[in-house]
Amino acid sequence: MSASAESTPAERFAAAKSRRGTPRLQDFREGLRFDLDPFQIEACQSLEAGRSVLVAAPTGAGKTIVAEFAVHLALAHNRAKVFYTTPMKALSNQKFSELTAEHGADKIGLLTGDSNINSQARVVVMTTEVLRNMLYADSPLLRDLAYVVMDEVHYLADRFRGAVWEEVIIHLPQDVRMVSLSATVSNAEEFGDWLQAVRGDTDVIVSEERPVPLEQHVLVRSKLLDLFETSTLVHGEGSDARVNPELTRLTGASSRADSGYRSSHGGRPGRSKRRELDHRSRHATSGGSSTNEDATRLFGDRMGRGDIVKLLRSRNLLPAIFFVFSRVGCDAAVEQVARSGIRLTEGWERDEIRALVEERCRAIPDSDLAVLGYWGFLDGLERGLAAHHAGMLPIFKEIVEELFQRKLLKVVFATETLALGVNMPARTVVIEKLEKFNGEARVPLTPGEYTQLTGRAGRRGIDVEGHAVIQWAGGVDPRAVASLASRRTYPLHSSFRPTYNMAVNLIQQFGRTRTREILEQSFAQFQADRAVVDLAHRVRKQEEALSGYAEAMTCHLGDFREYSSLRRELADLERKNARSEGRGPGEHERRGDRDRRQRQIADLRKRMKQHPCHACAEREAHARWAERWWRLKRDTDQLRSQISGRTGAVAQIFDRVTDVLLELGYLTASEQPGGGELEVTASGRVLMRIYGERDLLVSECLRRGLWDDLDAAGLAALASSLVYEPRREGSDAGERLPRGTFRAALEATEAVWEEIQSLELAHRLPEGTAPSPGMALATQRWAQGAALDLVLRDAELAAGDFVRWMKQAVDLLDQISLVADGPVGRRARQAIDSIRRGIVDYSGLS
């Protein structure tokens, strides 16, 4: 690569020296169609120098080029291997396809639980759980492993699956170099310090610069206004930028008009008026023009989706992703825009779309296509419109992703899951609301979530800038929007905690003592220890303040702390007495309790009057200082308690987990001299191979033979009850259960779960969740060969959800087939074969 003609001699010399020191990087750069950004060069240089790297950069900044350089380094050696891990099967499939196109099918493999393709390859793409399981099993595939890429490593904050990332990081052989790729997090240096502590030489490379600048807009009525006076937000700018005065004026006037409307109708509208507003709102947002005048009066003329699409097309702001925080909302949005008659594609594009869709769906019978809404799906695609959410059939989602990447789709209505790594950048991102339902309540978007969503705006090498459009609603303050859009706080917090499976695997490999030391290396403990340092600093400062307060309340007549203690005790008793006397006649406490308290009060008053400090002229001034002392002492004692609880917190949980396993016979005390060590029993060796939220429950049921009488379909139904989690509490169709032996097996399983819960409670471990048989009947019927429409109606689930839960049931059945003796193992394999049919089997790679 030639140096720029405008660079200085010193810069050209430094560049030449750098190239001589990194020949592999020079080879790699010469094979690219573009030059690398400074952060990419820095990270690649670290890798070539034999160091691990943590790269934290915005979505779309090009972090994966560093991972591709790790692949380049490995393939330059005779035998070195790379494992490329991702948090989701869909991402693994996408990366597998990209690397296969780049390096050829013979060099790339895929392992996701569902797929096992060329696992002996030099480069293997896999989910993080697969690598964790390989480490515990000491898989021969780990031989010659040189690099592990951990894409989307910030997933370790995920409360359900995050522990897997920490397990992998801790247990990888020390000579394996790690390439950790993360979204921009505000504590990247802290995370990097931990990686340095547990992995050795690790460089932290942080870039907050977006490769494509982002312009922020607010859509008020039909006007698209810049959010800031200077609208472009490149990196970190905006926190000091002024909100567009026109936006403030316009939204302020709208808010006053809304307020005036409410007050002119007696404040909050009545029930009939609210129904009218809801009705008009639905029509207004569906693009209907007949209600525009009413919408203007009631809602400030919030544009319908069809009109927004037309506006974006007129401004050359397509393709666009609309983030709609509801699956039903995504599907309804496609229908709304299609009903408005919009067609965003040319004839040749429609031909390409239809050809690709027909090719991908050829294996699906027409009867199933009808159930899946195929014809409406295809009509939307041909118009350039699609939804994208977890409820869709995986192959439909893959079609949407490919068509969008090929620029054949112009508008996608998606839930926020699209923002988590799938390669679908757009020119514009539209956010309809600044709040979402989190499963329990409607909550505001966080700055981190906003950053993740708007990270999709701007296609590198295609767009000069990306655009974020927020649809304004009454009551939204532009300054709050500006704060959300300009902050970059996205802290990474560990969700790590020891599990039963983890405990038996680590004890088998390292013994109890060494395992406790290993767990102390977790990021969870690292963060707790750092918090302890801060807490200890606060304790020291408060202890200094306590000394000052103690000095201020010192009395020359006696011990004022003792005197103030009597005063506080007396005040507490008098408050209790007053509350007792204020109760109704049926609520009075026993006369003996009341009399005893009266005697205590009289005794305390007598002791107070006899205390030397009672006669002090400055008694009340001393008392005010004493009250401050007591309040600060209580706070300081709480901080000390927190310090005590956090020091060694992870190892303490591990000890409680091992106590449960000892009590149930999965571990036993070692007979070797020295004591204190534990050994894994035969039952424990079964538990070592059961992974998942209910690992101990599965192992215990197998050990007790509770599923021996189940047929294949019944075992499939039971497996679904152990993996399924209803989206909303109370949505489990528990009364609709399979008949026969299933019910007895489920009752026995639930009884064991209750036993385990009691044990966990006794050992101060957090409660788990009970089995959820809401999909049991649907699973049994599916395993028995029932038609798709009947099964989806039984399950009350979208096709994509049904496929996902069936694949998780298959994962569990596969584990059972490997560890269970005799008929249960055989029936587990039969159950897998009976589930893997139809949409579960032809749902694409994911």
Side-chain angles (χ1 to χ4, degrees), residues 132-133 136-137 160 163-164 167 496-516 518-519 649-672 675-710 715 718-719 721-723 744-772 811-813 815-822 824-825 828:
R132 186 270 311 273
N133 299 352
Y136 282 159
F160 297 111
V164 175
E167 290 177 74
F496 181 86
R497 68 175 181 85
T499 65
Y500 297 112
N501 169 274
M502 185 194 305
V504 289
N505 272 291
L506 294 180
I507 288 171
Q508 177 73 6
Q509 281 189 278
F510 305 109
R512 182 181 194 170
T513 304
R514 175 67 182 131
T515 295
R516 289 182 98 262
I518 289 170
L519 294 177
V650 176
Q652 287 172 16
I653 295 172
F654 167 73
D655 288 340
R656 294 168 191 168
V657 165
T658 57
D659 287 343
V660 170
L661 293 173
L662 273 165
E663 199 161 331
L664 289 173
Y666 288 87
L667 297 171
T668 186
S670 172
E671 295 181 0
Q672 295 179 1
E677 278 300 341
L678 299 174
E679 292 180 351
V680 178
T681 64
S683 298
R685 286 191 286 277
V686 171
L687 178 58
M688 284 171 59
R689 300 167 71 185
I690 301 293
Y691 301 94
E693 285 290 305
R694 300 189 172 97
D695 47 7
L696 182 57
L697 177 60
V698 173
S699 298
E700 194 65 5
C701 289
L702 288 174
R703 183 168 74 161
R704 299 187 190 191
L706 301 183
W707 304 336
D708 289 357
D709 295 333
L710 290 170
L715 188 57
L718 203 294
S721 303
L722 294 173
V723 298
L746 178 65
E747 287 175 7
T749 301
E750 289 173 334
V752 172
W753 176 79
E754 289 173 2
E755 286 180 36
I756 293 172
Q757 286 288 95
S758 297
L759 264 178
E760 289 174 332
L761 190 62
H763 290 284
R764 291 178 296 150
L765 287 169
E767 289 186 30
T769 54
S772 301
D811 284 347
L812 176 56
L813 288 164
Q815 294 172 38
I816 292 171
S817 74
L818 296 173
V819 299
D821 296 326
V824 175

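A donor-acceptor contact shorter than 3.5 Å links the side chain of Arg694 to the backbone of Leu722. Thr515 places no side-chain N or O within donor-acceptor distance of the main-chain N or O of Phe510, the cut-off being under 3.5 Å. Between the Ser721 side chain and the Pro771 main chain, no donor and acceptor come within less than 3.5 Å of each other. Using a distance-only test at 3.5 Å, with no hydrogens or angles considered, no donor-acceptor pair links the side chain of Ser699 to the main chain of Leu696. A donor-acceptor pair is defined here as one N or O able to donate and one able to accept, closer than 3.5 Å; such a pair exists between the side chain of Arg685 and the backbone of Val680. When atom types are taken as modelled, the side chain of Gln757 and the backbone of Gly768 share a donor-acceptor pair closer than 3.5 angstrom. Using modelled atom types, no side-chain atom of Glu677 and backbone atom of Ala669 make a donor-acceptor pair closer than 3.5 Å.
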Worksheet item: Would Glu760 and Glu767 satisfy side chain to side chain contact (heavy atoms under 4.5 Å, CB included), going step by step from the backbone distance to the final call?
Response: CA-CA 7 Å; Glu760 289 174 332; Glu767 289 186 30; 5.8 Å; no
Item to complete: Go through Glu700 and Tyr666 one step at a time and tell me if the side chain to side chain donor-acceptor pair (under 3.5 Å) criterion holds.
Response: CA-CA 10 Å; Glu700 194 65 5; Tyr666 288 87; 2.4 Å; yes
Practice prompt. Test Phe496 against Val164 for side chain to side chain contact (heavy atoms under 4.5 Å, CB included), laying out the working first.
Written response: CA-CA 8 Å; Phe496 181 86; Val164 175; over 6 Å; no
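Residue Asn501 comes nearest to Ile690 through the heavy atom pair ND2-O, 2.9 Å, listed as atom of the first residue, atom of the second, then distance. Closest non-hydrogen pair, Leu697 versus Trp753, comes out as CD1-N, 3.7 Å. Shortest non-hydrogen contact noted between Ser683 and Gly665 is CB-O, 4.3 Å.
Taking CG of Leu506 as the reference point, atom CZ of Arg514 lies at 10.0 Å (rounded to 0.5 Å). To the nearest 0.5 angstrom, Arg512 atom CZ is 7.0 Å from Ile507 atom CD1.
Counting heavy atoms from C-beta outward, Leu664 and Arg703 have side chains that approach closer than 4.5 Å. Counting only heavy atoms from C-beta outward, the side chains of Leu667 and Glu679 never approach each other to under 4.5 Å.
With hydrogens and angles left out, the side-chain atoms of Glu167 and Tyr136 include a donor and acceptor closer than 3.5 Å.
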